[in-house]
Amino acid sequence: MTNRAVPDAGTQIEIYRRMALIKANDERSRKVIMTGRLVMPYYSPRGQEVIPSAISVNLTDEDYVCTIYRGSHDQLAKGLPLKDLWAEVAGRTTGTCKGKGGPMHVTYPTKGIMVTTGIVGSTMPIANGLAWASQLRGDGRVTVANFGDGAANIGAFHESLNLASVWKLPVIFVCQNNEWGEHTAYDKTSNVKVADRAAAYGIPGERVDGNDPFAMYAAAREAIERARAGEGPTLIEAMTYRFHGHVFGDQDAYMDKERKARAMADDPVPRFRARLIADGVADEEQLAEIEAGIEAQIDEAVEFALASDFPGVEELKRDVFAEELN
Amino acid sequence: MTNRAVPDAGTQIEIYRRMALIKANDERSRKVIMTGRLVMPYYSPRGQEVIPSAISVNLTDEDYVCTIYRGSHDQLAKGLPLKDLWAEVAGRTTGTCKGKGGPMHVTYPTKGIMVTTGIVGSTMPIANGLAWASQLRGDGRVTVANFGDGAANIGAFHESLNLASVWKLPVIFVCQNNEWGEHTAYDKTSNVKVADRAAAYGIPGERVDGNDPFAMYAAAREAIERARAGEGPTLIEAMTYRFHGHVFGDQDAYMDKERKARAMADDPVPRFRARLIADGVADEEQLAEIEAGIEAQIDEAVEFALASDFPGVEELKRDVFAEELN
Amino acid sequence: MATQTAAKPAKANILQAINAAIADAMESDDNVVVLGEDVADPEEGGVCGVTKGLSSRFGDARVRSTPISEQAIVGAAIGASLVGFKPVAEIMLMNFTTVAMDMIVNHAAKLRFMSGGQTHVPIVIRTMTGTGFASGGQHCDYLEAWFAHTAGIKVVAPSSPRDAYGLMRSAIDDPDPVLFIENLPTYWTPAEAPEKDHRVPIGKANVLSEGSDVTIIAYARMIQEAMPAVAQLAEAGISAELIDLRTIAPWDRDTVLASVARTGRAMIVHEAVTPFGVGAEIGSVLNEELFGKLKAPVKRLGGAFCAVPFSKPLETAFAPQTADIVDAAKALMA
Amino acid sequence: MATQTAAKPAKANILQAINAAIADAMESDDNVVVLGEDVADPEEGGVCGVTKGLSSRFGDARVRSTPISEQAIVGAAIGASLVGFKPVAEIMLMNFTTVAMDMIVNHAAKLRFMSGGQTHVPIVIRTMTGTGFASGGQHCDYLEAWFAHTAGIKVVAPSSPRDAYGLMRSAIDDPDPVLFIENLPTYWTPAEAPEKDHRVPIGKANVLSEGSDVTIIAYARMIQEAMPAVAQLAEAGISAELIDLRTIAPWDRDTVLASVARTGRAMIVHEAVTPFGVGAEIGSVLNEELFGKLKAPVKRLGGAFCAVPFSKPLETAFAPQTADIVDAAKALMA
Ligand SMILES: Cc1ncc(C[n+]2csc(CCOP(=O)(O)OP(=O)(O)O)c2C)c(N)n1
Ligand SMILES: Cc1ncc(C[n+]2csc(CCOP(=O)(O)OP(=O)(O)O)c2C)c(N)n1
Ligand SMILES: [Mg+2]
Ligand SMILES: [Mg+2]
């Protein structure tokens, strides 16, 4: 694969900004939970920052994304405003879903964030439908379906990739292989690479270093261009690592300590930061300013969220159907 | 694949006997339905005789098989007595399932016929469990899971082949690719060979001419030997052709006339018959005697079935649970 | 197929009515699309031909046959609906909804609520079922109670061509997911043809015959068993009111309660097994709302509590029949 | 984990009780095997550790972690059970049964009947659920009514460690499939420890407190809401009988009917949404069997008719609470 697409300087900085945003937001989330200011099931995306950041710079607000409970990185990279996110995970009326969805169901169509789901494997069938809509309209949009390595073993994966292939849908299946599905290591659940399963559907499949912004950018860009050109779906297996336990509170004793230490030492966020500076793409000051801006925005979002109102019980009767229940 | 297993003369004749039995039983079934002596949903296995015949000569009564609504060929090849079958499809108390299951749910554990199902794809998950039991007991049995080409696109296929691979189960997945799933042609529903999907699970996969008794025998034998030796599952895609519509009464206008005519001209049953004679493995008289014997047995079975009693309504309360309902 | 002909036939069957309803909806709204196994014309418009002619008329893009992949079918319908399409998806038989329950229950039914109303899922899921064709245990279940117990999805089950047309048009119009249950064995029974653009509102029952002694509440094929029962009861001097529920969720409490308040006696008839079935909900509401006003306990007549048996006499005995309805009504009067 | 210690602790929680029950069953019968996501020890015996210690003690062959493949999990359990094993399969959360409904409903529940009794499916399917941990719309549903509406599968839902142990042992003993529902938020509440080999018969309810004015029928976490309600009602001069159903299918009609026949008033409380829920069946039966003998209409208290909401005040309001039970009982007495 020579001559792969390379992000220009501005795009590199934008990828980094999104990564830094995800990392900072994750750290703040864990802190806010730890200090008891908020109670929510929290699935940290720490370690997986590169994937959605390098993908989303190739997308517009009109493109669609479906993601999972471990999805704040995908949402933020796609442009979800921090205030709307924080208010949602705090269960407030000002949240994206009025607090009714919560962290596992964040939805924000304005930025193309169409579905966040808690059911393993379920982004893929729905993503196909979004992509079918684009195909019918010829609007050139693409849909990105995110899922984990564990989800590559569930039936919906198979049905979805096959249908996308047969219908040549403009959809990109992004398997974020963080080596773990809850407490189970990926290599105990499958004897093959996820990317190699693409062949079972006659579609392109690529395993890529999901912690390398350049590799991830190139793979995503090529897949997205193919999709926009009407050449059908792609399966990308983005290799990464889950820095924390499955969910906040999980002590992750089952995770190999050494492997984890190595992954964390290789943290993709400071690594890319250092590279940007080394390559002369950005200087320390510029990045520090970006980071400071992010922190300020998060401060504001958290305070906004916690100061917002909780929904009233009348909301139990709303949004079940179009008409309110009586 | 040089040096593949070849059935000896006796085995060849036995394969033919099973094929002739399936063909004769199919012809009689359609006749009995046509003349109104029996009403049942009937899924003809005509054209697919070779597959179970060449597989089952490598199995014992202790080995397990799971099959589908289109399964009378699999059942007969595995040794299901004609009387028990006919009484079941006639809904009589003397049937395998006392008439409660019917043609889509024929069960006969005495010969290892453990499940016949009407839900596409559902033989495979259950077959894994049977194979797991054998693995736990170390009893050397194998399980054959039959399914159609259409079933290769449903989620259960994926989950089952993956689990069988990870657990190294003694199971053989036999996809009887008859080119059709109801009214839909296989090549409209998938861009790849079914056998090529084996690679997605890291297991051996082979596309074989399912209408060639030698090829089918060799593929089955090797897979069964691997399974018995603890080397795990195999996916076999046996290419064949459905001579009739999906279900009795289907006028099959959607099936390409020429393709069908070609397949029927190449009918595997008379073809193998001619070969046995040409090869000097059997003579006309011997085969005619086998065929006559089969006809006589079918005569007897049909009459036995139609003369048997229907179950009484008290059966609605039985076999729901171990204890009878009140 | 009825759809192509200009002159409206005096008679139509349910199959033709559903076909016409989808065709008319597709004609009037480009966002109506159809998907499912065998639904396009090269595949004969479905095993029974309900969608025959649609792909030829509206094109392959809008009417798509699928692989055998029910999760993918419902998922594709959901996804397209989130951005303005109105998919009509077929899950061939109701028992096959079991492989798509996640999509139906966790997603289609919940996305409006979980998104705080930002998205909604205007899909119709068509599915066939019903005893009578000796299909055995895995092809005939009526599972409507499961979906009625699920907030966010509506459930309808027409018993006539007119209602089938009118409910299908309403289901496609509806901004929320609707499960549309078709009784297979009664597809071909001709009856009064629906007029074009006729609507049957979701949530409105139909009083098929008025009576003063007992209210019989039924739907789908059970209407065909109940109609002769009403006649037989009349001969026996019992005046039965027959209500075709048409919509199971949300069911028409006003119509049912008004009727039973008048008659004082009620019976609910369905093919689904009795325990925990639709009859349980209706029975409970009748008892709650008309406490002390009923002249007899509410009677539930449902399928036997077992898998649907194959053998003909058992299959026949499984579901309520006219004679059972007559007997039960007489017992209520006793 | 409790299982490994020789001295029986005076107290245990439900999680420990289930663990001990499975361990004791595995000890006494080699055919008992365990499978599900994360169930073995390298995976910590499940997300909450219910099966912790079992794979270390009984070996990797008999206790197997699986890929995330619920159809394959239940299918493997069914297959092994057909030839004599007694698998205990875990479907982590009840909402995930939606991806395994075909295996559970079309196969596990029906194979005995469809085979005319030649085969049967002695499996236990463990699954957790329950509101209280802010998990939102796809992780907390109580779907027991679906399974109760399915002939051929039993459904139990313990509310105490003793019952959890006793019901798990009985479920494993049972020759037919049993769905075993565990309430996640109450896993860790300590209570009286079960003695070894204790059994709670499937189909037998438990009268937790006797009373003469009103019968409260509940199960699972709702018992914890109902207990204080009974005390508060006593203070208000209302004598409430509290019945823990324990088994939902087949539920204990004798015990419930005898109680309500005495009290004349009944309330059913569950976390599942009210319409078409378990309360509907019990309410209907009470009205059928005790027609004219009830002093007030049977009251059903269930979850709000919506997806489980995330926001804390909404989640709290979703499920019945002690105060709701007290208020409803007082209304029944009025
Ligand atoms: C159908 C289904 N089964 C099980 C679960 C429970 N569960 C939640 S997350 C998870 C692990 C998923 O792993 P993976 O797909 O790799 O995603 P990751 O969490 O690593 O991002 C499991 C088993 C679920 N949510 N849905
Ligand atoms: C889950 C499910 N979906 C749909 C059906 C309806 N159906 C019955 S047979 C069939 C075609 C199956 O084709 P294939 O797997 O190739 O088997 P064949 O009939 O050709 O032997 C379909 C779609 C079903 N029984 N189960
Ligand atoms: Mg993972
Ligand atoms: Mg086929």
*Asks:* Please give me the minimum heavy-atom distance between C:Ala72 and A:Pro125, naming the atom from each residue.
*Replies:*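 Minimum heavy-atom separation between C:Ala72 and A:Pro125: CA-CB, 4.3 Å.
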*Asks:* Quick one: are C:Asp176 and A:Val320 in side-chain contact, heavy atoms under 4.5 Å?
*Replies:*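 No; the side chains remain at least 4.5 Å from each other.
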*Asks:* Tell me, side chain or backbone of C:Thr150 under 4.5 Å from chain A's heavy atoms, or both, or neither?
*Replies:*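 Nothing of C:Thr150, per the 4.5 Å heavy-atom cut-off to chain A.
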*Asks:* Rounded to the nearest 0.5 Å, what separates atom CD in A:Glu159 from atom CD1 in C:Ile73?
*Replies:*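 The distance works out to 8.0 Å.
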*Asks:* Quick check on A:Tyr108 against chain C: is it the side chain, the backbone, both or neither that has a heavy atom closer than 4.5 Å?
*Replies:*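 Contact with chain C: backbone and side chain both.
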*Asks:* In terms of heavy-atom pairs under 4.5 Å with chain A, which of C:Met103, C:Gln71, C:Arg64 leads?
*Replies:*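 Among the listed options, the one with the most contacts to chain A is C:Arg64.
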*Asks:* Which residue out of C:Asp102, C:Asp174, C:Ile78 racks up the most heavy-atom pairs below 4.5 Å with chain A?
*Replies:*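 Among C:Asp102, C:Asp174, C:Ile78, the one with the most close pairs to chain A is C:Asp102.
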*Asks:* If we define contacts as heavy-atom pairs under 4.5 Å, which of A:Thr96, A:Thr116, A:Thr93, A:Asn128 has the most with chain C?
*Replies:*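 Ranked by heavy-atom pairs under 4.5 Å with chain C, first place is A:Thr96.
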*Asks:* Looking only at heavy atoms, which two atoms of C:Ala76 and A:Trp132 are closest? And how far apart?
*Replies:*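 Looking at all heavy atoms of both residues, the shortest contact is O-CE3, 4.1 Å.
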*Asks:* What option among A:Cys66, A:Pro109, A:Gly95, A:Ser134 has the most heavy-atom pairs under 4.5 Å with chain C?
*Replies:*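 If we count pairs closer than 4.5 Å to chain C, A:Pro109 comes out on top.
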*Asks:* Side chain, backbone, both or neither: which part of C:Asn31 has a non-hydrogen atom closer than 4.5 Å to chain A?
*Replies:*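 Side chain only.
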*Asks:* Just give me the residue among A:Ala131, A:Ala133, A:Ala322 that pairs up with chain C most often, heavy atom to heavy atom, under 4.5 Å.
*Replies:*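 Max contact count across the listed options: A:Ala322.
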*Asks:* With only heavy atoms counted, which part of C:Thr119 is less than 4.5 Å from chain A, the side chain, the backbone, both or neither?
*Replies:*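 Side chain of C:Thr119 only, per the 4.5 Å heavy-atom cut-off to chain A.
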*Asks:* Indicate whether the side chain of C:His107 and that of A:Ser122 have a donor and an acceptor atom separated by less than 3.5 Å.
*Replies:*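 Yes - a donor-acceptor pair under 3.5 Å links their side chains.
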*Asks:* Using a 4.5 Å cut-off on heavy atoms from C-beta on, say whether the side chain of C:Ser69 contacts that of A:Leu163.
*Replies:*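 Not touching, per the 4.5 Å side-chain cut-off.
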*Asks:* Sort A:Ala156 into side chain, backbone, both or neither according to what part of it lies under 4.5 angstrom from a heavy atom of chain C.
*Replies:*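 For A:Ala156, heavy atoms of backbone and side chain both lie under 4.5 Å from chain C.
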*Asks:* Kindly indicate, with the supporting measurements, whether the criterion side-chain contact (heavy atoms from CB on, under 4.5 Å) is fulfilled by A:Cys97 and C:Gln118.
*Replies:* CA-CA 7 Å; A:Cys97 312; C:Gln118 292 177 98; 3.7 Å; yes
*Asks:* In Å and rounded to the nearest 0.5 Å, what is the NZ to NZ distance from C:Lys110 to A:Lys100?
*Replies:*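 It comes to 14.0 Å.
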*Asks:* Quick check for you: to the nearest 0.5 Å, what is the distance between A:Leu316 atom CG and C:Phe113 atom CZ?
*Replies:*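 So the CG of A:Leu316 and the CZ of C:Phe113 are separated by 5.5 Å.
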*Asks:* Where on A:Gln135 is there a heavy atom nearer than 4.5 Å to chain C: the side chain, the backbone, both, or neither?
*Replies:*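 Looking at A:Gln135, just its side chain touches chain C.
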*Asks:* Looking at chain C, which one of A:Thr117, A:Val166, A:Thr110 has the largest number of heavy-atom pairs inside 4.5 Å, strictly under?
*Replies:*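 Between A:Thr117, A:Val166, A:Thr110, the count favours A:Thr117.
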*Asks:* Contact between C:Val83 and A:Arg137 at the side-chain level, heavy atoms closer than 4.5 Å - yes or no?
*Replies:*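 When only atoms from C-beta onward are counted, A:Arg137 and C:Val83 do touch, with a gap below 4.5 Å.
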*Asks:* If you count heavy-atom pairs under 4.5 Å between each of A:Arg318, A:Met114, A:Met124, A:His158 and chain C, which one has the most?
*Replies:*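 Of A:Arg318, A:Met114, A:Met124, A:His158, A:Met114 has the most heavy-atom pairs under 4.5 Å with chain C.
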*Asks:* Is any side-chain heavy atom of C:Leu35 closer than 4.5 Å to a side-chain heavy atom of A:Trp167?
*Replies:*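 Yes, their side chains come closer than 4.5 Å.
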*Asks:* Are the charged groups of A:Glu323 and C:Lys154 less than 4.0 angstrom apart, N to O?
*Replies:*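 Salt bridge flag = yes for C:Lys154 with A:Glu323.
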*Asks:* In terms of heavy-atom proximity below 4.5 Å to chain C, should A:Val115 be classed as side chain, backbone, both, or neither?
*Replies:*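 The side chain, not the backbone.
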*Asks:* For the pair C:Leu82 and A:Ile126, evaluate side-chain contact (heavy atoms from CB on, under 4.5 Å) and give the outcome as yes or no after the intermediate values.
*Replies:* CA-CA 9 Å; C:Leu82 291 176; A:Ile126 300 176; 4.0 Å; yes
